[in-house]
2 protein chains.
Amino acid sequence: MSNNSIFIKKLRSSGLRPTKQRIKICKLLFDRKNTFHFTINYLNNILKNKYAEKISLATVYNTVNAFKKKGHLKEILISSDKSYYDTNVSNHHHFFDENKRELIDLDDKDVGKINIKKALPGKKINSIEVLVKIANNN
Amino acid sequence: MSNNSIFIKKLRSSGLRPTKQRIKICKLLFDRKNTFHFTINYLNNILKNKYAEKISLATVYNTVNAFKKKGHLKEILISSDKSYYDTNVSNHHHFFDENKRELIDLDDKDVGKINIKKALPGKKINSIEVLVKIANNN
DNA sequence: ATACAGTTTATAATGATTCTAAACTAGTGT
DNA sequence: ACACTAGTTTAGAATCATTATAAACTGTAT
């Protein structure tokens, strides 16, 4: 229970009350070495299996949306029928494996410098994201 | 009516019967100089205003899906709540204006060569797409 | 013309997500 | 400890985009 304090701080500093539900979701999402890619449904299933006390689906949505708004999660656009989220909120890119329907992180070093040569007056660039779709070779 | 024959050929060669509805949608989508970006809802509204005889929403969906499957339209991923389509099916990139919520084409020349340095065994790259989000400067 | 497969259509169904409003809880002040 | 208030959670209803259904219609090959 001691390392919950990290998440309690994280939540408080984002103006979110550290509730039981949010702490559980934090642990699941952020207490890991590697990036985690997920859909709401997948996250909800893990929560159901991991904890006896159920967390309402509405809360899962609320929490993910709150984390997204606060910049702790990033929505990744790969498919129009579901939302995918990423715990890696840094500027980075993705492979999307079309066979496994699975996301793989690509960091800036994996993608050569991208030089946008067109500019629009009065507009600034907020982000540049590359999506590389891959599939089995045969 | 004479230039309908272009669309009739286009449809036939894709194995789609040239129906009244499909020809109307073809004219709307492909009879223009510049790329056209749209959502189903937007397309449906234009059709409603342009023609007295109504085309069922289901047909609009069916037709757009058929055109997508046949490679005449491309789905663009910018937002998880709606599907955006593009009549430019060549490999190209986009600006997305977050204020106007509007897509702008970027061709390959506008985006420097992209060099993916990571490879996965047994996988080939199907497509590389860059999405550049832009917003007002102030 | 006839027949049949492909299309269109209105409507129902689905599925992801958001809304609602009542019950609950964390944090603050007493 | 106690109570107050604003923020949360919850189950279920509502919404919205999209897809399925199945009956009516149409293009085309014979």
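Residue numbering restarts at 1 for every chain, and letters A, B, ... go by the order of the sequence lines. Here the structure is a predicted model, which means the values were calculated and not measured.
In this structure, of D:dT18, D:dT28, D:dA11, it is D:dT28 that holds the atom nearest to the side chain of B:Arg12. When distances are taken from the side chain of A:Pro18 to each of C:dG27, D:dT8, D:dT19, the shortest belongs to C:dG27. Comparing D:dT9, D:dG27, D:dG7 against the side chain of B:Lys20 picks out D:dG27 as the nearest. You'll find that the side chain of A:Gln21 is closest to D:dT10, out of D:dA20, C:dG6, D:dT10. For A:Thr63, whose side chain is taken as the heavy atoms from C-beta onward, the closest listed nucleotide among D:dT10, C:dT8, D:dT9 is D:dT9. If you check D:dT8, D:dA17, C:dA16 against the side chain of A:Lys82, the one that comes closest is C:dA16. Of the listed nucleotides (D:dT18, C:dT8, C:dA10), C:dT8 has the atom at the smallest distance from the side chain of B:Arg22. Side-chain atoms of A:Leu57 lie closest to C:dT17 of the nucleotides C:dT17, D:dG12, D:dT8. For B:Tyr61, counting side-chain heavy atoms from C-beta on, the closest listed nucleotide (D:dT28, D:dA17, C:dC19) is D:dA17. Of the listed nucleotides (C:dT7, C:dA26, C:dT8), C:dT7 has the atom at the smallest distance from the side chain of B:Arg17.
A continuous path of ILVMFWY side-chain contacts below 4.5 Å connects B:Val132 to B:Ile128, so both sit in one hydrophobic cluster.
Phosphate contact (OP1/OP2 of C:dT7, side-chain N/O of B:Thr59, threshold under 4.0 Å): absent. Proximity of A:Asn41 to the phosphate of C:dA16: no side-chain N or O atom is located under 4.0 Å from OP1 or OP2.
Rounded to an integer number of Å, the gap from B:Tyr85 OH to D:dT18 C1' is 9 Å. Atom CG in A:Leu11 sits roughly 10 Å away from atom P in D:dT8 (whole-Å rounding). Here D:dT19 presents its P atom at 10 Å from NZ of B:Lys69, a figure rounded to the nearest Å. A:Lys70 places its NZ atom 11 Å from the P atom of D:dG7, with the value rounded to the nearest Å. Rounded to whole Å, the distance from CG on B:Leu16 to P on C:dA5 is 18 Å. The NZ atom of A:Lys48 sits 15 Å away from the C1' atom of D:dT10 (whole-angstrom rounding). Regarding B:Tyr42, its OH atom lies at a distance of 21 Å from the P atom of D:dC16, rounded to whole Å. Straight-line distance from the CG atom of B:Asn4 to the P atom of D:dG27: 13 Å, rounded to whole Å.
In plain terms, the two heavy atoms of A:Leu106 and A:Val111 that are nearest each other are CD1-CG2, 4.2 Å. Taking all atoms of both residues into account, the shortest heavy-atom contact from B:Ser80 to A:Leu77 is N-CD2, 3.8 Å.
Contact check on B:Lys74 versus B:Glu129 returns a salt bridge, with a Lys/Arg side-chain nitrogen under 4.0 Å from an Asp/Glu carboxylate oxygen. The pair A:Lys48-A:Glu53 fails the salt-bridge criterion, with no side-chain N (NZ, NE, NH1 or NH2) lying under 4.0 Å from an Asp/Glu carboxylate O.
Base engagement by A:Asn62 is indicated by at least one non-hydrogen atom pair under 4.0 Å involving a base atom. Backbone-only engagement by A:Thr19 is indicated by non-hydrogen atom pairs under 4.0 Å involving sugar-phosphate atoms exclusively. Contact annotation for A:Ser80: no contact, since no heavy-atom pair falls under 4.0 Å across all strands.
Inter-residue side-chain proximity for B:Arg22 and B:Arg17 is flagged as met; some heavy-atom pair is nearer than 4.5 Å.
Position along DNA chain D of the nearest nucleotide to B:Glu75 versus B:Ile8 favours B:Glu75 as the more 5'-ward residue.
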